[in-house]
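Take a look at the structure below.
Quick note: numbers below take in every heavy atom, side chains included, and nothing from hydrogens, waters or symmetry partners.
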Amino acid sequence: EVQLQASGGGLVQAGGSLTLSCTISGSTFADYSIGWFRQAPEKEREALACISSGTDGNTYYRDSVKGRVTISRNKAKNTVDLQINSLKPEDTAIYYCAGSSQWRFPGPSPSLYDVWGRGTLVTVSS
């Protein structure tokens, strides 16, 4: 069974940075495109970033976070990381990583992802 796990969340002051990591078990990241999503209290889940499977490294970023967020594959750690800079209180949310084994580049559509990890909570204080 393939499982994903998001980690690296915590309490951060506004203006700070955080790197979240997504780890996989039961398979390898090479077989999956990975997306990062978040869900704030009383808000809908939204896609933040996606990186394609394989070696081409295509990426997608939500317009509202472009320039503050970077998704990357960390071969040394065997993770897919999401770096978030210049954190704002409105970034407070549970952050999830998700994988797609069927779509090379699924982008922001949650329905195209078939494996979801348990989230990690990010709280940004003002």
Side-chain angles (χ1 to χ4, degrees):
E1 179 186 6
V2 179
Q3 293 183 332
L4 298 177
Q5 176 69 58
S7 62
L11 177 62
V12 185
Q13 285 191 333
S17 298
L18 204 60
T19 298
L20 306 179
S21 293
C22 181
T23 56
I24 190 170
S25 60
S27 186
T28 63
F29 272 125
D31 297 331
Y32 284 81
S33 52
I34 299 295
W36 278 96
F37 296 76
R38 70 183 178 189
Q39 187 164 16
E42 300 181 358
K43 292 190 176 180
E44 293 189 357
R45 179 177 51 189
E46 60 183 19
L48 297 177
C50 165
I51 190 165
S52 62
S53 58
T55 58
D56 53 11
N58 289 336
T59 56
Y60 154 85
Y61 293 101
R62 186 178 190 85
D63 284 345
S64 62
V65 298
K66 276 182 182 177
R68 293 199 299 126
V69 169
T70 304
I71 188 171
S72 61
R73 293 184 182 272
N74 187 320
K75 292 182 180 179
K77 294 168 51 183
N78 194 31
T79 60
V80 174
D81 296 339
L82 185 75
Q83 182 175 350
I84 314 171
N85 299 320
S86 303
L87 281 158
K88 307 173 183 180
E90 51 264 41
D91 291 320
T92 295
I94 299 175
Y95 286 70
Y96 301 88
C97 59
S100 177
S101 60
Q102 301 299 316
W103 294 88
R104 187 177 183 88
F105 192 46
S109 302
S111 63
L112 299 184
Y113 293 83
D114 48 270
V115 182
W116 288 82
R118 296 183 63 180
T120 186
L121 176 63
V122 174
T123 304
V124 184
S125 62
S126 57

Heavy-atom check, side chain of V2 versus side chain of I24, under 4.5 Å: yes
Can you confirm whether T70 sits close enough to L82 that some side-chain heavy atom of one is under 4.5 Å from a side-chain heavy atom of the other? no
Between D91 and R38, does any side-chain N to carboxylate O distance fall below 4.0 Å? yes
Go through K66 and D63 one step at a time and tell me if the salt bridge (Lys or Arg N to Asp or Glu O under 4.0 Å) criterion holds. CA-CA 5 Å; K66 276 182 182 177; D63 284 345; 3.2 Å; yes
Could you tell me whether Q39 atom CD has more than 12 heavy atoms of other residues or ligands within 6.0 Å of it? yes
If you apply the rule side-chain hydrogen bond (donor to acceptor under 3.5 Å, both in side chains), what do you find for S21 with D81, and how did you get there? CA-CA 4 Å; S21 293; D81 296 339; 2.9 Å; yes
Would you say the side-chain atoms of R68 pair up with the backbone N or O of N85, donor to acceptor, closer than 3.5 Å? yes
For residues P41 and T92, report the shortest heavy-atom separation together with the two atoms involved. CD-O, 4.3 Å
Under 3.5 Å, is there a donor-acceptor pair between the side chain of S109 and the main chain of L112? no
Indicate yes or no for a side-chain donor-acceptor contact from S52 to the backbone of N58 under 3.5 Å, with no hydrogens or angles considered. yes
When the aromatic ring centroids of W116 and F37 are compared, is their separation below 6.0 Å? yes
Looking at I51, is its backbone amide N or carbonyl O close enough to the side chain of S33 to form a donor-acceptor pair, meaning the two atoms are under 3.5 Å apart? no
Side-chain contact test, heavy atoms from C-beta onward, threshold under 4.5 Å: evaluate it for N74 versus F29 and give yes or no. no
Any side-chain heavy-atom pair from D114 and Y32 closer than 4.5 angstrom? yes
Is there a side-chain contact between P110 and R45 in this structure, where contact means two heavy atoms from C-beta onward sitting under 4.5 Å apart? yes
Could you walk me through whether W36 and V69 satisfy the side chain to side chain contact (heavy atoms under 4.5 Å, CB included) test, starting with their C-alpha distance in whole Å, then the side-chain angles of each, then the deciding distance to 0.1 Å, before giving a yes or no? CA-CA 10 Å; W36 278 96; V69 169; over 6 Å; no
